[in-house]
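Quick notes on the structure that follows.
Numbers restart at 1 for each chain; the letters A, B, ... are given by sequence-line order, proteins then strands.
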2 protein chains.
Amino acid sequence: MSISRSSPYASALSPEFAISGFLAQRPTHGYDLYQRLTDELGQVWYISLSQVYNILKRLEDQGLILGETETQDKLPARRLFHLTEAGQQRFETWLRTPTGCSVRAIRVEFTTRLYFALAREHSLAHSLIDAQAAAIRSGLARLETSLDELPAGQRFNRLGLALRIGQLTSILDWLGACWPDLGLSE
Amino acid sequence: MSISRSSPYASALSPEFAISGFLAQRPTHGYDLYQRLTDELGQVWYISLSQVYNILKRLEDQGLILGETETQDKLPARRLFHLTEAGQQRFETWLRTPTGCSVRAIRVEFTTRLYFALAREHSLAHSLIDAQAAAIRSGLARLETSLDELPAGQRFNRLGLALRIGQLTSILDWLGACWPDLGLSE
DNA sequence: CAAGATATACTCACTGAGTGAGTATATCTC
DNA sequence: GAGATATACTCACTCAGTGAGTATATCTTG
């Protein structure tokens, strides 16, 4: 019911904020959320129907969403979920906070954030892109320093670092291109 | 004890094969495995000590490894693990099977495989790199086809695909450079 | 030389990720 | 009229990953 201990996870590695985002647009039920996730964010999240229900259950237990059963004439009953005050606030905060510098986090979390920012206001999306690019540039600088400091003998760790640097650089390029790609250039 | 149902996971997204790999080199205990993971593969896997023990427990339950308690004079007792026949075979198979085409899988799984291949025989590592590059090239071709087929209206999914394509391309570059980087050119 | 940090070695209980099978009805298709 | 597909959700499970706790031995430092 309530959470005495806050979640141990960064927890943005699951589509829970995507679900919150859809619910922020309008209340809806699990089945529909699943469809929207696969239709609109299918290239970002690969998720199963039951996973959607798992997340809904957790969010409800944590008091971030609330569901009410709605019976229908012919079709199965369904539970309409909406964000609570707490859930709304959590989502708004998330929407404006830039992602950390892990490749996976950017690939899925930032992309999701961008999606909802675009649906909200283009200017928000624009500032998110800029902030994210800045975060990556500083992350890259740190990684490059680590690489310089890693002794040449640590061949394997150097290789791993080089891979991460390449990945981040390619994300940076993508960020630069994504504004025009969305057909919104200035 | 035994597993009636085989694991539902691709399961190479956890460091279990890294652990198996160290055990294939010589039997050892959890604490040492943790240290080797962080020292030698620290840029690939970021793992906690208890997670190592979790994995050891699972592998033992699945009959892939076997532990024997060894008491020491002054220091705490420890459990020396070694691969069973099944575990040995599983590792050898894994070591020779190229990774799928997900960015994360390549970043962590392939890199781990390369590490153990290098420790074994350079020629094995060489053929792994070639096979992996080929797998990525064909994955890239598929993604590019999908991108062509995605209607222009699906802006967001197109963007997601473009990101993945960029990531894979950068991995491909890295693969091309990694042989010389290891100081083993030719 | 005693107090405290660090190293050795592992256990336990927990939350959350993710899967797959199952349930039940309604509508669409051939 | 039979069978596939769509709507809508439940349940039980395995595995990922964290954080706190236990207990002893050795190293460090004032």
Side-chain angles (χ1 to χ4, degrees), chain A residues 1-19 28-39 45-62 64 67-81 102 104-105 108-109, chain B residues 1-19 28-39 45-62 64 67-81 102 104-105 108-109:
Chain A
M1 196 147 296
S2 71
I3 26 162
S4 50
R5 191 188 352 183
S6 77
S7 166
Y9 288 101
S11 84
L13 21 57
S14 99
E16 66 163 280
F17 284 103
I19 287 175
T28 188
H29 54 95
Y31 191 76
D32 179 55
L33 286 166
Y34 170 70
Q35 292 186 313
R36 294 222 256 160
L37 271 167
T38 49
D39 289 354
W45 298 105
Y46 180 54
I47 194 183
S48 71
L49 182 56
S50 35
Q51 178 64 357
V52 171
Y53 287 107
N54 285 343
I55 292 172
L56 286 173
K57 176 155 184 0
R58 176 168 58 84
L59 293 179
E60 191 169 29
D61 286 349
Q62 293 176 343
L64 300 168
E68 283 152 52
T69 302
E70 177 197 51
T71 55
Q72 297 184 101
D73 220 39
K74 309 235 156 163
L75 290 169
R78 55 199 192 182
R79 298 198 66 207
L80 268 192
F81 289 95
S102 103
R104 172 158 167 85
V108 296
E109 196 195 353
Chain B
M1 195 145 298
S2 71
I3 26 159
S4 49
R5 198 197 333 195
S6 77
S7 165
Y9 288 100
S11 85
L13 20 59
S14 101
E16 65 164 279
F17 284 103
I19 287 176
T28 189
H29 54 96
Y31 189 79
D32 178 56
L33 285 167
Y34 171 70
Q35 291 186 313
R36 294 224 255 159
L37 270 167
T38 49
D39 289 354
W45 298 105
Y46 180 53
I47 194 183
S48 71
L49 182 57
S50 35
Q51 178 64 357
V52 172
Y53 288 106
N54 284 345
I55 291 171
L56 286 173
K57 176 155 186 358
R58 176 166 59 81
L59 294 179
E60 191 170 29
D61 286 349
Q62 294 175 342
L64 299 169
E68 283 152 51
T69 301
E70 177 196 51
T71 55
Q72 297 184 104
D73 221 37
K74 309 233 156 165
L75 292 170
R78 55 197 191 181
R79 299 198 66 208
L80 268 193
F81 290 95
S102 102
R104 173 158 166 84
V108 296
E109 196 195 353

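B:Ile55 CD1 to B:Ser50 OG: the interatomic distance, rounded to the nearest 0.5 Å, is 10.5 Å. B:Gln72 CD to B:Arg78 CZ: the interatomic distance, rounded to the nearest 0.5 Å, is 4.0 Å. From B:Gln51, atom CD reaches atom CG of B:Leu49 across 10.5 Å, with rounding to the nearest 0.5 Å. Between the CD1 atom in B:Ile47 and the CD1 atom in B:Ile19 there is a gap of 5.5 Å [rounded to 0.5 Å].
Put simply, CD1 on A:Ile19 is 14 Å from C1' on D:dC9, counting in whole angstrom units. Taking atom NZ on B:Lys57 and atom P on C:dC14, their separation rounds to 16 Å, with Å as the unit. B:Leu59 has its CG atom 14 Å from the C1' atom of D:dT14, to the nearest Å. Summarising the geometry, the separation between CG on A:Asp61 and C1' on C:dG16 is reported as 12 Å, rounded to the nearest angstrom. One interatomic measurement links the two molecules: OH of B:Tyr34 to P of D:dG19, which rounds to 12 Å at whole-angstrom precision. For the pair B:Gln51 CD and D:dG19 P, the interatomic distance rounds to 12 Å; values are reported in whole Å. For the pair A:Ile55 CD1 and C:dT15 C1', the computed distance is 14 Å after rounding to whole Å. We find that CG of B:Asn54 is positioned 10 Å from P of D:dG17, with the value rounded to whole Å.
Taking five base pairs at each end of the helix from C:dC1-D:dG30 to C:dC30-D:dG1 and finding the rotation axis that steps the C1' atoms of four pairs onto the next four gives two axes whose angle is 30°, to the nearest 10°.
Of all heavy-atom pairs spanning B:Gly30 and B:Val52, the tightest one is O-CG1, 3.8 Å.
Residue A:Ser50 places a side-chain atom within donor-acceptor reach of the base of C:dG20, judged by atom type and a 3.5 Å distance cut-off alone.
Taking B:Leu80 as the reference, B:His29, B:Glu70 meet the side-chain contact (heavy atoms from CB on, under 4.5 Å) condition, with sequence neighbours excluded. Qualifying side-chain contact (heavy atoms from CB on, under 4.5 Å) partners for A:Thr28, counting only residues two or more places apart in sequence or in other chains: A:Leu23, A:Asp32, A:Leu33, A:Arg36. Listed by chain and number, the residues in a side-chain contact (heavy atoms from CB on, under 4.5 Å) with A:Thr38 are A:Tyr34 (sequence neighbours excluded). The side-chain contact (heavy atoms from CB on, under 4.5 Å) check on A:Thr69 picks up A:Ala77, A:Arg79, with sequence neighbours excluded.
The side chain of B:Ser14 contributes an N or O atom lying less than 4.0 Å from OP1 or OP2 of D:dA16. Side-chain nitrogen and oxygen atoms of B:Tyr53 include none within less than 4.0 Å of the OP1 or OP2 phosphate oxygen of C:dT11.
Nucleic acid contact for A:Ile47: none, since no nucleic acid atom lies under 4.0 Å from a heavy atom of the residue.
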Reading nucleotides 2-7 of chain D 5' to 3', which nucleotides get B (base under 4.0 Å from a protein heavy atom), which S (sugar-phosphate only), which -?
-> ----SB
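Comparing C:dT19, D:dA25, C:dA26 by their closest approach to the side chain of A:Ser48 singles out C:dT19.
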